[in-house]
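In what follows, every heavy atom counts, from backbone to side chain, and hydrogens, waters and symmetry copies are set aside. One-based numbering, in listed order, for ligands and for the atoms of each. This is a predicted model, so every value here is computed, not measured.
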Amino acid sequence: MDLHLKGRLVLSRETDIPGLEGFLSESNSTVLAKGAPEGMGAEVISHRLEGNELHLEIRSHESVRAHDAMLRLKNAFAAKFGKEFKVGVRDIVIDTYDITFDIEKEPVHDVNLPFVERLSFEGTKATIHLVDVEEEFLQGNYIDRMISRVQEKIEGQYYEGKGEFWKEMWTSPEKPVKWSDDPTDAMLDAGWLKQGPTKGKWFLRPQAAAVLRAMERIAVQEMLLPLGYQEVIESHFVSFDIWLKTGHLEGSPNEFYYAFEPETRDPAAWERFKDIVKITKKVPEDELLKLVKPSNAGLCYAQCPVTYWSFQNKTIADGSLPLLLFERAANSSRYESGGRHGMERVDEFHRIEVIFIGYQDQIMKVREDLLEKYKYVFNDVLDLEWRMAWVTPFYMQQAGQVGIDDEDKMIKGTIDFEAFLPYRGDRDTSEWLEFQNLSVLGDKFTSAFNIKGQKGEVWSGCTGIGLERWTTAFLSQHTIDPENWPEGFRKYLPELPEGYDLL
Ligand code: ATP
Ligand code: ZN
Ligand code: MG
């Protein structure tokens, strides 16, 4: 890393400083070299005293950052000249700061980054050009994070348009195709569903609700309770500090639904708003924005972050490991926008999230047990045509975290469960529906929340059982006529509710 800074020490008064020259050149081999390998310290390469400002140009490497060199000079200056000339350093100003670092690959196209004046590339070197740099910026470790972000964005450019990684692991036998209707349309026609009230939401009338709840009972009674999972109930609201820790805030901010608290509960403050509503029978949007605080939380996107948060800074007793939990109270909300379709891609869905924490060998066993139960449920209870695929993304493979060619090495990563939807076309060419997944995440979240076992590091994993997706997969294959439903499922829903007739 090469750093090049131009800045100023703003002095408390205008004065001549005899010995300045000597002080600066001595600093190069003393204060500015401290802690750095031979020849790798910071160096003042030019200076100029103008009025009460000492202009400095500094070059350095990573061991003494040029902005740290400015701080060191400020202190050394005060120690050396403060008493003698009654002059101190009032302020440090950084006018320009260029940071050059190595990159593994050349960018495919432009890279944008906030805070920078300009980003330039030359072969496998990148330079961040900063101007008028604030103090806070330098203290907050921003520069290192900006460098990582540039590297990450370049890496990402190589995977654009490559699609998702996908490797088949197991496929069920083919099943007879009973129909090729879209079950959402069929349910709408049969009066089981109503769309709305806002985008991507549904009102489930008794028949659809009964099917969804039957799916839930199957998951809980056939799998989770027999395997020893305990239920927890969490808040629907996820504070931003939780998502900052899990990485969701940088990963999915475009899919969140955001929550806003009122600025005040004082009725007087809301009087004008109420008046306008009463008179216009419309929502005065500008008025509303003035009455709510900036958002500090979002609606649940997946249940695992809040569950991990509940163990923050805790050591889990060995007797409680592996810890096996599930949550089904918080609905997941996601802004799917153009991707919405039917019941299978909605903005608010019902999902049981299964979360497990334990030592690495325990986690492997937990996954085996879950896979075995899933196979039983999808084969023998729901009688589905389905498959499993290893879908761990390229970047994780890149980072050498997982192997893909050797089954034994599928340690950390994600398995998608996909069902054939006859309404989408041929089984060989159509896109199958991901109806759930199962991830082993290593120490990603346990480290983020500092969760430990008595013997040290623990791993975690989770599997999201999407009830709308189970329902869609099931009805796409077995129709919405209970006569066609497999015995295993009918045990859980012997009779559909009558529903009601609307005129
Ligand atoms: P997709 O690639 O389909 O968007 P995802 O990777 O976003 O899925 P995850 O975040 O891994 O999904 O969520 C796990 C499970 O939650 C999915 O397997 C699915 O069962 C369910 N799910 C996710 N998004 C939706 C949605 N919009 N509507 C209904 N269920 C969903
Ligand atoms: Zn999860
Ligand atoms: Mg998604």
What class does the angle between the rings of F445 and Y308 fall in, given that below 30° is parallel, 30 to 60° is tilted and above 60° is perpendicular?
tilted

Would you say the side chain of L113 lies within less than 4.5 Å of the side chain of F115, judging by non-hydrogen atoms?
no

Once you restrict to heavy atoms under 4.0 Å, what part of F417 touches ligand 1? Side chain, backbone, both or neither.
neither

Cation-pi check, R340 to Y335: give yes when NZ or CZ is under 6.0 Å from the six-membered ring centre and within 45° of the ring axis, no otherwise.
yes

Out of all atoms in ligand 1, which are within 4.0 Å of some heavy atom of G466? Include the element for each.
20 (O)

Nearest protein heavy atom to atom 19 (C) of ligand 1, by residue and atom, and its distance?
R469 NH1, 3.6 Å

So, does T446 use its side chain to make a donor-acceptor pair with the main chain of S460 at under 3.5 Å?
no

Protein N/O/S atoms under 2.8 Å from the Zn ion (ligand 2): how many?
3

Checking a contact table here: which protein heavy atom is nearest atom 1 (P) of ligand 1, and how many Å away?
R345 NH2, 3.5 Å

Of the side chain and backbone of E336, name the one, both, or neither that has a heavy atom under 4.0 Å from an atom of ligand 1.
side chain

When you measure from the side chain of R490 to the backbone of P482, do you find a donor-acceptor pair of N or O atoms at a distance under 3.5 Å?
yes

Please determine if E434 has a nitrogen or oxygen closer than 3.5 Å to a nitrogen or oxygen of ligand 1.
yes

Closest approach of any protein heavy atom to atom 29 (C) of ligand 1, naming residue and atom:
E344 O, 3.3 Å

Aromatic plane relationship, F489 with W485 - under 30° parallel, 30 to 60° tilted, over 60° perpendicular:
perpendicular

Go through the steps to decide whether F256 and V238 satisfy the test side chain to side chain contact (heavy atoms under 4.5 Å, CB included), and finish with yes or no.
CA-CA 10 Å; F256 294 153; V238 189; over 6 Å; no

Quick one: look up the protein heavy atom nearest atom 20 (O) of ligand 1 and list residue, atom name and how far away it is.
F435 O, 3.0 Å

If you scan protein heavy atoms around atom 21 (C) of ligand 1, the nearest is F349 CE1, 3.7 Å

A side-chain contact here means heavy atoms from C-beta on lying under 4.5 Å apart; do E234 and E353 qualify?
no

Atom 9 (P) of ligand 1 has as its nearest protein heavy atom R334 NH1, 3.6 Å

Taking heavy atoms and a distance under 4.0 Å, where does R351 meet ligand 1: side chain, backbone, both or neither?
side chain

Among all protein heavy atoms, pick the one closest to atom 11 (O) of ligand 1 and tell me residue, atom and distance.
N437 ND2, 2.5 Å

Among F378, W432, F474, find the residue that satisfies the ring pair (Phe, Tyr, Trp, His ring centres under 6.0 Å) test when tested with F420.
W432

Might you work through the ring-ring contact (aromatic ring centres under 6.0 Å, His included) test for W170 and W390, ending with a clear yes or no?
CA-CA 10 Å; W170 183 89; W390 185 253; over 10 Å; no

Is it true that E155 and K105 have a side-chain N and a carboxylate O under 4.0 angstrom from each other?
yes

Between ligand 1 and V346, is the shortest N or O to N or O distance under 3.5 Å?
yes

Whether E168 and R387 form a salt bridge (side-chain N of Lys/Arg under 4.0 Å from carboxylate O of Asp/Glu) is what I want to check.
no

